[in-house]
Amino acid sequence: MIEAREINTLNYSPDRLHEAISAAKNKLITADKYEPRSGSMLSRVVAEVYPAYQARLLASSAVDFDDLLLHIAQLLYEHAEIRAELDERYRYVLVDEYQDTNRAQYVILRALSTDHSNLAVTGDPDQSIYGWRGADLNNILEFERDYPSVNIVRLERNYRSTKRILRVADELIGHNLRRKKKELWTENGDGAPVRLIAYLDQDKEAADIAEQIRESVAAGRRTPSDFAVFYRVNALSRSLEKALRAAGVPYQMVRGQEFYARKEIKDVLAYCQLINNPRDDMAFERTINTPARGIGRKTIERLTEHAYRHGTPLLEAARASWEIEGFSKGTAAKVAAYVEIIDRIAAVVHGDLEEVIGTVLEASGYRASLAESDDEQDQNRLANIEELLTDARQFDEQNSGGGHLEEYLERSWLVNETDNWDTDTDKATLMTLHAAKGLEFPVVFIVAVEDGVLPHERVGQHPDELEEERRLAFVGITRAKEELQLSYAVTRDFRGVRRRTIPSSFLMEMPRGEMEMLGSGDSFDEAAFEPWDEPDDDEGDDSWDFQIDDETVESVSDSGSKPAMSIAAASITTAAALERSGATAGLPNSALNVVSEPEPALPRVSPDAFKQGMTVTHPEYGPGKIVALSGSGKGRRATIQFATVGEKKIILTHSAVRPAR
DNA sequence: TCCTTAACTGTTTTT
DNA sequence: CAGTTAAGGA
């Protein structure tokens with residue numbers, strides 16, 4: 001579809017376009033109402049693709065995730081009598097996790113609670129972490145305005161965490177502006193200090209965490225399921241898995257969709273989808289030459305054309321293969337053989353799922369083609385397919401009588417992250433911060449609390465996005481009941497390259513009094529943290545600012561004077577201290593080279609590189625825009641409008657301000 | 001049409 | 001690094 005329009009897929013990838021369409025749908029903008037924003041090429045492309053995409057969904061009798069809500073909202077909106085009937089039927093409506101609702105859900109809720117306004121919602125604005133998916137924080141922030149007669153109950157008592165953990169969480173989230181203030185308290189004990197550990201690299205980080213778990217379990221103090229390790233991105237799980245395996249710690253990794261998203265599983269399920277819905281052209285295209293049966297691009301092209309001309313689905317066109325012009329006898333026979341396969345599977349559609357999938361595997365030749373292969377990966381795939389059969393059998397046990405194909409497929413689409421999280425087995429848990437919401441563990445580790453990872457570098461210049469990252473950290477921290485460890489690695493391998501990292505700015509927003517700063521084992525010079533440990537005479541936010549000429553100017557002090565310390569400077573000190581202490585002695589050359597690399601942790605930017613109107617970021621104040629510049633050389637200053645704290649005047653040579661990524 | 005190899009490229013989170 | 005695409009040969 002995108003190809004047909006000769007759209008430049010480099011700038012407008014299917015992913016990006018779908019994302020844009022999804023965002024539009026979340027805002028209840030239907031294809032016919034979508035207006036391209038002037039000046040935005042992307043939106044012009046979307047305006048072209050969106051209606052075609054929607055038409056194609058309709059032709060396939062399909063809906064996407066967003067349609068699930070959009071269609072309902074539209075139905076309720078356009079048909080007063082249906083709305084009234086459903087409002088009548090559902091007298092009392094309860095919504096959990098209200099902070100994660102989007103515009104469409106909001107409209108649906110309103111529609112269902114108009115005549116019978118019995119609506120109860122629960123949620124915590126500080127735990128809204130799905131803004132990027134269309135969740136609208138305003139839904140909860142402005143609930144009182146939307147429903148003036150509302151009765152609000154604040155649940156501020158925390159029964160889960162220790163006082164220290166709670167204070168760390170509370171102070172961090174206090175840096176957010178778009179929230180509802182609340183006073184969290186608990187009668188639990190102080191508990192242990194929150195640990196902040198700097199490791200040399202991610203392998204040391206992973207190994208130490210694994211070792212801590214192993215040791216506690218061996219000592220009988222804890223059991224594996226007491227532990228959870230959270231990370232911002234899935235890619236970070238690799239070294240953790242390796243270390244846990246090496247330490248012999250049983251673990252489970254929660255990765256939603258993982259199973260059903262595998263190529264081989266999707267291949268097999270595509271046959272099922274086509275049986276379930278013969279108009280599913282995507283399933284047709286996926287299956288017709290999987291495994292390879294000599295049906296290529298050209299053949300599919302001709303089929304598509306025939307289908308288009310007759311207004312039929314592709315499978316229908318394939319049934320007429322003998323009449324299609326340009327098809328050789330051989331080609332027509334191959335296509336007919338494929339149709340035959342589909343029909344054979346369709347014949348057992350009313351049986352058990354295990355039978356349906358078993359038939360797919362046999363009739364399609366999929367299993368045989370994998371079994372013949374001597375590629376190691378294919379053997380793996382074979383194992384996954386056997387697992388799919390097991391999954392199907394389990395499903396059959398719960399849904400006896402057969403004929404439940406559609407339900408099974410639905411489940412495969414809708415499984416979420418935590419659905420396959422097993423609470424009964426005694427294993428440590430690895431998961432993303434997003435997946436962690438709603439859970440709790442006695443001991444929590446959060447790894448890679450680094451600039452660019454937690455807040456993730458892809459959060460845009462919009463302050464709301466930075467705040468969402470902060471909420472994500474908040475969610476992770478508040479999962480911990482008794483112990484919490486935050487950590488970062490001084491260097492981290494990323495995409496095959498070793499990089500020096502900068503500790504997350506969020507770490508500077510946490511109360512040092514509740515925390516314990518550590519290096520990893522004795523390989524770390526604690527002196528590196530001295531500037532942090534030293535309690536400031538004044539507390540809190542202003543500690544790195546001091547007054548000059550009436551203006552608040554921010555600067556990193558020279559070594560010697562004590563209070564001001566930016567996070568970037570801390571990381572430089574850390575690395576330097578490492579070198580001095582010979583902490584790197586045991587490392588292979590490559591690692592040593594990197595640590596002693598002349599490249600500073602914070603790329604120094606010449607003051608002249610800053611231009612008016614430029615978007616910049618600051619480790620504490622977040623993103624901002626340069627309003628004005630003054631002075632020159634070392635004295636060059638910028639007035640920056642920060643989204644979080646308003647306008648600040650900053651000396652560029654000394655500050656940690658950088659051009660936005 | 002298929003298969004192998006080399007080059008390339010892109011990287012968040014997921015109902 | 002890993003997953004995907006482009007190119008070229010069978």
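Numbers restart at 1 for each chain; the letters A, B, ... are given by sequence-line order, proteins then strands.
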Suppose you measure atom C1' in B:dT13 against the same atom in C:dT4; what distance do you get, rounded to whole Å? 23 Å
Is the ring centre of A:His434 under 5.5 Å from the base ring centre of B:dT13, and are the two planes under 30° apart, so that they stack? no
Rounded to whole Å, the CZ-P distance (A:Arg471 to B:dT12) equals 20 Å
Against the side chain of A:Val233, the closest entry in B:dT14, B:dT15, B:dT12 is B:dT12
Could you give the distance separating B:dT12 and C:dT5 at their C1' atoms, to the nearest angstrom? 24 Å
Side-chain N or O of A:Thr432 closer than 4.0 Å to phosphate OP1/OP2 of B:dT12: no
Under 4.0 Å: is that the gap between some side-chain N or O of A:Asn234 and OP1 or OP2 of B:dT13? yes
Residue pair A:Arg381, A:Asp267: steps toward the salt bridge (charged side-chain N to carboxylate O under 4.0 Å, His left out) verdict: CA-CA 11 Å; A:Arg381 294 198 167 123; A:Asp267 285 341; over 6 Å; no
Could you list the residues that satisfy ring-ring contact (aromatic ring centres under 6.0 Å, His included) with A:Phe284, not counting sequence neighbours? A:Tyr338
Please figure out whether A:Ser22 or A:Glu469 has its closest DNA chain B nucleotide nearer the 5' end. A:Glu469
What are the atom names and distances for every N/O pair under 3.5 Å that joins the protein to nucleotides 1-3 of chain B?
from, atom 1, to, atom 2, distance (Å)
B:dT1, OP2, A:Gly296, N, 3.2
B:dT1, OP2, A:Thr299, OG1, 3.3
B:dC2, OP1, A:Gly294, N, 2.8
B:dC2, OP2, A:Asn289, ND2, 3.3

Measure all distances between protein nitrogen or oxygen atoms and nitrogen or oxygen atoms of nucleotides 1-7 of chain C, and list the pairs falling under 3.5 Å.
from, atom 1, to, atom 2, distance (Å)
C:dA2, OP2, A:Arg238, NH1, 3.3

Distance in angstrom units between A:Arg133 CZ and B:dT13 P, rounded: 13 Å
Taking CH2 from A:Trp413 and P from B:dT15, how many angstroms apart are they, rounded to a whole number? 14 Å
Between atom NZ in A:Lys25 and atom C1' in B:dT15, what is the gap in whole Å? 14 Å
A:Gln273: partners by side-chain hydrogen bond (donor to acceptor under 3.5 Å, both in side chains), with sequence neighbours left out: none
To the nearest Å, how far apart are A:Asp64 CG and B:dT15 P? 15 Å
Pairing residues for A:Tyr251 by the ring-ring contact (aromatic ring centres under 6.0 Å, His included) criterion, not counting sequence neighbours: none
May I ask you to check whether over 12 heavy atoms, not counting those of A:Lys263, lie within 6.0 Å of atom NZ? yes
For A:Glu387, all residues meeting salt bridge (charged side-chain N to carboxylate O under 4.0 Å, His left out), sequence neighbours excluded: none
Can you measure A:Arg470 atom CZ to B:dT12 atom C1' for me and round it to whole angstrom units? 18 Å
Who passes side chain to side chain contact (heavy atoms under 4.5 Å, CB included) against A:Arg133, sequence neighbours left out? A:Tyr130
Report the residues that fulfil ring-ring contact (aromatic ring centres under 6.0 Å, His included) with A:Tyr231, sequence neighbours left out, ordered by chain and then residue number. none
Non-neighbouring partners of A:Arg232 that pass salt bridge (charged side-chain N to carboxylate O under 4.0 Å, His left out), sequence neighbours left out: A:Glu469
